[in-house]
2 protein chains.
Amino acid sequence: MSVHLLQTATSVLLKDPTASLGDVAKAAGVGRTTLHKRFPTRTDLVRAVANDALDLIDSVACEVDFDSDDALEDLMTRLVALGPRVEFLLRFPGLERDAELRARIEAMDQPVLDLITRLQGTRLRRDLPAWWILHTLYAGLFNAWEAISYGRLAPLDAPRFVLTTVFEGVASAGATDRT
Amino acid sequence: MSVHLLQTATSVLLKDPTASLGDVAKAAGVGRTTLHKRFPTRTDLVRAVANDALDLIDSVACEVDFDSDDALEDLMTRLVALGPRVEFLLRFPGLERDAELRARIEAMDQPVLDLITRLQGTRLRRDLPAWWILHTLYAGLFNAWEAISYGRLAPLDAPRFVLTTVFEGVASAGATDRT
DNA sequence: ACCGTTGTGAACATGAGTGTTCACCTGCTG
DNA sequence: CAGCAGGTGAACACTCATGTTCACAACGGT
């Protein structure tokens, strides 16, 4: 039941970051008092939601073989499927000001950065820094999630959209513009 | 002086979307009363900031020759240079709930969408919808602005980063992965 | 049947942001 | 000099989210 509460909080806070605790409680079908008992302060709730998202990422990240050459594609495909629960991490304002969360996010980024750096020896371009590539991946995920939530993009199309766009770009195959 | 006020408000609200009007006034070096006199309500201020950003976009968009083949590159390069003033439009939460602003943004997107659709006949891939390409462009801008504000990216590098990433992708030239 | 746990609603106090009014000061113009 | 426009700070009332407390109901285990 606590799980459902967190998920509800995620979607409510994602739709309106300024939603009151009363709104969250009502949406979850519980009393505001109950919410306060489980998460004494608003910050606690936000942190719990964020950590829930991070747990979710952890759970898929540990299924990915980071030594594989397809590790990035694999990871991205799995992340796309997670949807709103993780979108929260990229969208919620002021989340980066929580030192504890920031540390966990950075710790989670590190293996991906290492993977990118390694792949820059073979499949990824070397004229862009690894962090830029990482953020480009995130931006692709973000776009997909947003498009899905607006109903513009079919969830099953999302992985293909993200992977082709991020890896190959939006220019048609033959067109090489400015070097 | 009113111009400086809007710019200050932009940066303050961008750094912390929940900043109080008192914070904005203090940052701008004016009294809160003065702020209220110019923008009677908080909504008015936010709308003014957003419209200022839209004016800024208008001013560069009208310098771009949308019939040129390089129109997209030209537009993107100019947009990158605008920085935080426009970043506000993409970052500020709840902005899309203002019908008037949403209409103006859509009206502004339309010619770019048309341009993209036209270029899909030549330089842009046809297997992605125009709106997806548009959002990919925006995501590139967003990444650049964020990286610049964090000091990770030199402003002069930004246009190249955005254009190569968005158009050619992050995969190295030779590597063609999954179709 | 008793009791601890858990959830619930009601009520309250508090603090912050907001919008408004008013008296005062400054600088400029006629 | 008089008057006016624009800016300023102080004070006020109002709203709302928040955090806290309390008494009560439901439920399960002993």
Side-chain angles (χ1 to χ4, degrees), chain A residues 1-53 55 84 87-89 91-102, chain B residues 1-53 55 84 87-89 91-102:
Chain A
M1 177 183 288
S2 156
V3 173
H4 174 255
L5 207 170
L6 271 184
Q7 292 181 13
T8 306
T10 302
S11 67
V12 172
L13 289 178
L14 194 54
K15 188 157 56 178
D16 178 14
T18 73
S20 75
L21 297 183
D23 296 333
V24 175
K26 191 168 49 173
V30 304
R32 192 168 67 95
T33 316
T34 308
L35 187 64
H36 267 112
K37 201 161 292 183
R38 201 174 294 275
F39 309 102
T41 150
R42 173 177 247 268
T43 309
D44 291 332
L45 175 63
V46 172
R47 277 226 295 243
V49 169
N51 276 308
D52 172 60
D55 290 343
E87 188 181 359
F88 182 86
L89 279 181
R91 279 187 90 129
F92 198 79
L95 218 58
E96 67 282 354
R97 258 171 303 222
D98 187 305
E100 177 189 333
L101 282 177
R102 213 175 38 218
Chain B
M1 178 181 289
S2 156
V3 174
H4 174 255
L5 207 170
L6 271 185
Q7 292 182 13
T8 306
T10 303
S11 66
V12 171
L13 290 178
L14 194 53
K15 188 157 55 178
D16 177 15
T18 72
S20 74
L21 297 183
D23 296 333
V24 175
K26 192 167 50 171
V30 303
R32 193 168 68 97
T33 315
T34 309
L35 188 63
H36 271 295
K37 201 161 292 183
R38 201 174 295 273
F39 308 102
T41 149
R42 173 176 247 269
T43 309
D44 291 332
L45 175 62
V46 172
R47 278 226 295 243
V49 169
N51 275 308
D52 171 60
D55 290 342
E87 189 181 358
F88 181 87
L89 279 181
R91 280 186 89 128
F92 198 80
L95 218 58
E96 67 281 356
R97 259 171 300 223
D98 187 305
E100 177 189 331
L101 281 178
R102 213 174 39 219

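Taking atom CG of A:Asp23 as the reference point, atom P of D:dA17 lies 7 Å away to the nearest angstrom. Whole-Å rounding puts the B:Asp44 CG to C:dT20 C1' distance at 15 Å. C:dA16 atom C1' lies 14 Å from atom CG of B:Asp16, rounded to whole Å. Between the CG atom of B:Leu5 and the P atom of D:dG6 there is a distance of 15 Å, rounded to whole Å. Atoms CG (A:Leu21) and P (C:dG15) sit 18 Å apart, rounded to a whole Å. In this structure, A:Arg42 places its CZ atom 14 Å from C1' of C:dA16, rounding to the nearest Å. In this structure, B:Lys26 atom NZ and C:dG17 atom C1' are separated by 14 Å, rounded to whole Å.
The main-chain N or O of B:His4 is found under 3.5 Å from a side-chain atom of B:Thr8 such that the two form a donor-acceptor pair. In this structure, A:Asp52 contributes its side chain and A:Ala48 its backbone to no donor-acceptor pair below 3.5 Å. In this structure, the side chain of B:Arg32 does not engage the main chain of B:Ala25 through any donor-acceptor pair within 3.5 Å. In terms of modelled atom types and a separation under 3.5 Å, the side chain of A:Asp98 and the main chain of A:Leu95 share no donor-acceptor contact. Side-chain atoms of B:Thr10 come within 3.5 Å of backbone N or O of B:Leu6 as a donor-acceptor pair.
Remark: A:Arg38 is not in phosphate contact with C:dT6, judged by side-chain N or O atoms under 4.0 Å from OP1 or OP2.
Contacts of A:Ala19 classified as side-chain contact (heavy atoms from CB on, under 4.5 Å), with partners at least two apart in sequence or in another chain: A:Val12, A:Leu13, A:Asp16, A:Asp23.
Atom CZ of residue A:Arg42 and atom CG of residue A:Leu21 lie 5.5 Å apart, to the nearest 0.5 angstrom. Here the straight-line distance linking atom CG of A:Leu5 with atom CZ of A:Arg38 works out to 6.0 Å at 0.5 Å rounding.
Nearest approach of A:Pro84 to A:Leu14, heavy atoms of both residues: O-CD2, 3.7 Å.
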Protein-nucleotides 26-28 of chain C N/O pairs under 3.5 Å:
none

Report each atom pair, protein N/O against N/O of nucleotides 8-11 of chain C, whose distance is under 3.5 angstrom.
residue, atom, partner, partner atom, Å
C:dT8, OP2, A:Gly31, N, 3.3
C:dT8, OP2, A:Thr34, OG1, 2.5
C:dG9, N7, A:Thr33, OG1, 3.1
C:dG9, O6, A:Thr33, OG1, 3.3
C:dA10, N6, A:Thr33, OG1, 3.4

